[in-house]
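For reference, the structure discussed in these notes is given below.
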Amino acid sequence: MKTAASNFYNVDVSAVFTRRYLHLYRALEVFTIGHKSWFFVLSDYEAVRRAVASLPRVGVGLQYGLPSRRQISLAHPRRQLRESNMMDKWRCREISNFDYLLFLNTIAGRTYNDLGQYPIMPWILTNYTSETLDLSDPSNFRDLSKPVGAQNAERCSKFREKFEMSKEGIAPPFHYGTHYSTPGFVLMWLLRVEPYTTMFLKLQGGKFDHPCRIFSSIGQAWENCQRDMADVKELIPEMFYLPELLRNENRYDLGRDDEDVLVDHVTLPAWAKDHHHFLQVHREALESEYVSSNLHKWIDLIFGVSQRGEPAQAATNTFYYTTYEGKCVIPVKL
């Protein structure tokens, strides 16, 4: 690590974050002014501390209102959040909802460099069938106080029954045996974009998934999240800015579905004129008054008080115990 750290003095390091890898604080992410980043997996936390000590003293960057100290790079996310100015900026609407969510993802350890901890964004809309979309109408938005699994009352009831039944097992009780973000889900969203296409094929044994399971329609993806007991996934940031995610520009052969319809570009909502228009409206929805007034409820579910314990149980927001920090240690050979 000494050589690698020394080389970073030759570039403009802007931020240094400690990271988890397979639930352990044994990784380091280094950002530069040129908007590049490197993710290092080290032997243990002591190696991370030594690496931080050998890197430039920049903290986690100046954009969060935190001092440029190595102690900040090593600080727990709760301290970084508490001492930053980002929450106040968000409350005063000096920064966008999108930027605040990216900030929370970043200090929580979510990163574009690890599919297992990829940044997460919420489903915002429920109306994908109307010819027009009124962003001032609350009925067009999902309930941000509930996780995806609890949006549908009937399915929510089944998850609650599952929680009660799981109390008889050895593991702690849970509502969901899957998760709102997994490497497979991330690759599903991004399968039309390299290098994620190659990663997806590697995950699937060299073949694309069955056409009926491939992400082919935004409205259908939302409907699946309302009825499939194994589908409670949220979105990723690219769903608010990356048109290539929605277009099969590389002309991959994704097959035909059960109705013999070719799976190609992603089918857009009826109100979207084209892929760019969808992203524009989707981003406007994220920044709408309804979302701005309710987004804190979703933040509590993913990053806050309703992640664990009784608040999570009350919110139907409990996942299998190995998905939580400190609940599972996975041995890794380096």
Side-chain angles (χ1 to χ4, degrees), residues 115 118 120-133 139-142 147-149 151-156 158-159 176-283 285:
L115 293 174
Y118 207 78
I120 178 175
M121 291 281 174
W123 280 99
I124 296 296
L125 298 169
T126 60
N127 185 349
Y128 299 98
T129 58
S130 299
E131 293 293 331
T132 59
L133 183 67
S139 67
N140 288 323
F141 294 85
R142 62 87 64 93
V148 169
Q151 297 292 312
N152 178 300
E154 181 180 353
R155 192 173 69 147
C156 179
K158 292 180 180 178
F159 281 128
Y176 314 109
T178 181
H179 206 256
Y180 50 74
S181 178
T182 69
F185 290 159
V186 172
L187 292 175
M188 183 212 70
W189 293 126
L190 293 166
L191 71 89
R192 291 169 175 82
V193 183
E194 286 289 7
Y196 304 101
T197 307
T198 299
M199 295 179 185
F200 185 88
L201 290 171
K202 185 176 181 180
L203 180 68
Q204 296 286 357
K207 299 180 181 179
F208 287 109
D209 201 354
H210 189 284
C212 291
R213 291 194 292 266
I214 287 178
F215 170 44
S216 60
S217 164
I218 295 170
Q220 189 62 51
W222 169 251
E223 290 300 318
N224 290 343
C225 286
Q226 303 311 296
R227 60 181 183 226
D228 189 337
M229 294 294 287
D231 191 347
V232 295
K233 60 181 175 291
E234 294 278 8
L235 301 182
I236 58 175
E238 288 87 344
M239 286 291 286
F240 295 89
Y241 66 80
L242 188 68
E244 291 80 4
L245 174 148
L246 304 169
R247 296 186 59 81
N248 187 15
E249 298 289 359
N250 293 315
R251 312 311 306 162
Y252 296 121
D253 182 3
L254 303 176
R256 292 180 175 273
D257 63 19
D258 289 344
E259 297 179 357
D260 200 34
V261 176
L262 180 68
V263 178
D264 192 21
H265 303 312
V266 174
T267 301
L268 301 175
W271 44 260
K273 299 176 183 178
D274 54 38
H275 299 84
H276 291 279
H277 184 241
F278 165 75
L279 293 173
Q280 175 189 336
V281 175
H282 204 209
R283 183 68 174 267

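One-based numbering along the sequence shown. Note that the structure is predicted; figures quoted are calculated from it, not measured.
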Rounded to the nearest 0.5 Å, what separates atom [atom1] in [X] from atom [atom2] in [Y]?
| X | Y | atom1 | atom2 | result |
| --- | --- | --- | --- | --- |
| Leu246 | Leu268 | CG | CG | 6.5 Å |
| Tyr196 | Glu244 | OH | CD | 12.5 Å |
| Met239 | Leu279 | CE | CG | 8.0 Å |
| Asp228 | Arg155 | CG | CZ | 7.0 Å |
| Glu238 | Leu190 | CD | CG | 5.0 Å |
| Tyr241 | Met121 | OH | CE | 8.5 Å |

Expected output: side-chain His277 to main-chain Ala272 donor-acceptor under 3.5 Å: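 No; zero donor-acceptor contacts below 3.5 Å.
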
Any donor-acceptor N/O pair, Thr182 side chain to Phe185 backbone, under 3.5 Å: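 Confirmed, Thr182 side chain pairs with Phe185 backbone.
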
I need the minimum non-hydrogen distance between [X] and [Y], along with the two atoms involved.
| X | Y | answer |
| --- | --- | --- |
| Leu201 | Lys207 | CD2-C, 3.5 Å |
| Ala221 | Trp189 | CB-CH2, 4.0 Å |
| Ile218 | Pro269 | CD1-CD, 4.0 Å |
| Pro147 | Tyr176 | CG-OH, 3.8 Å |
| His282 | Leu125 | CD2-CD1, 4.1 Å |
| Ala270 | Thr129 | CB-O, 3.3 Å |

In the structure I gave you, are the side-chain heavy atoms of [X] and [Y] within less than 4.5 Å of one another anywhere?
| X | Y | result |
| --- | --- | --- |
| Phe215 | Arg192 | yes |
| Leu187 | Lys202 | no |
| Cys225 | Trp123 | yes |

Leu245 and Val266: CA distance, side-chain angles, deciding distance, side-chain contact (heavy atoms from CB on, under 4.5 Å) verdict: CA-CA 8 Å; Leu245 174 148; Val266 174; 5.7 Å; no

Using the salt bridge (charged side-chain N to carboxylate O under 4.0 Å, His left out) criterion, which residues pair with [X]? Sequence neighbours excluded.
| X | result |
| --- | --- |
| Glu249 | Arg247 |
| Arg142 | Glu234 |
| Asp257 | none |
| Arg251 | Asp264 |

Atom CG of Asp253: over 12 foreign heavy atoms under 6.0 Å: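 No, the 6.0 Å shell around CG holds no more than 12 heavy atoms from other groups.
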
NE2/His276: more than 12 non-hydrogen atoms of other groups inside 6.0 Å: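 12 or below, so no.
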
Check against side-chain contact (heavy atoms from CB on, under 4.5 Å), Phe141 and Thr126: CA-CA 5 Å; Phe141 294 85; Thr126 60; 5.9 Å; no

Side chain to side chain donor-acceptor pair (under 3.5 Å): pairs with one or both residues in residues 208-223, sequence neighbours excluded: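 Checked against side chain to side chain donor-acceptor pair (under 3.5 Å) - neighbours excluded - the pairs reaching residues 208-223 are Asp209-Arg213, Gln220-Asn224.
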
ring-ring contact (aromatic ring centres under 6.0 Å, His included) partners for Tyr252, two or more places apart: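 Expected list: Phe208.
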
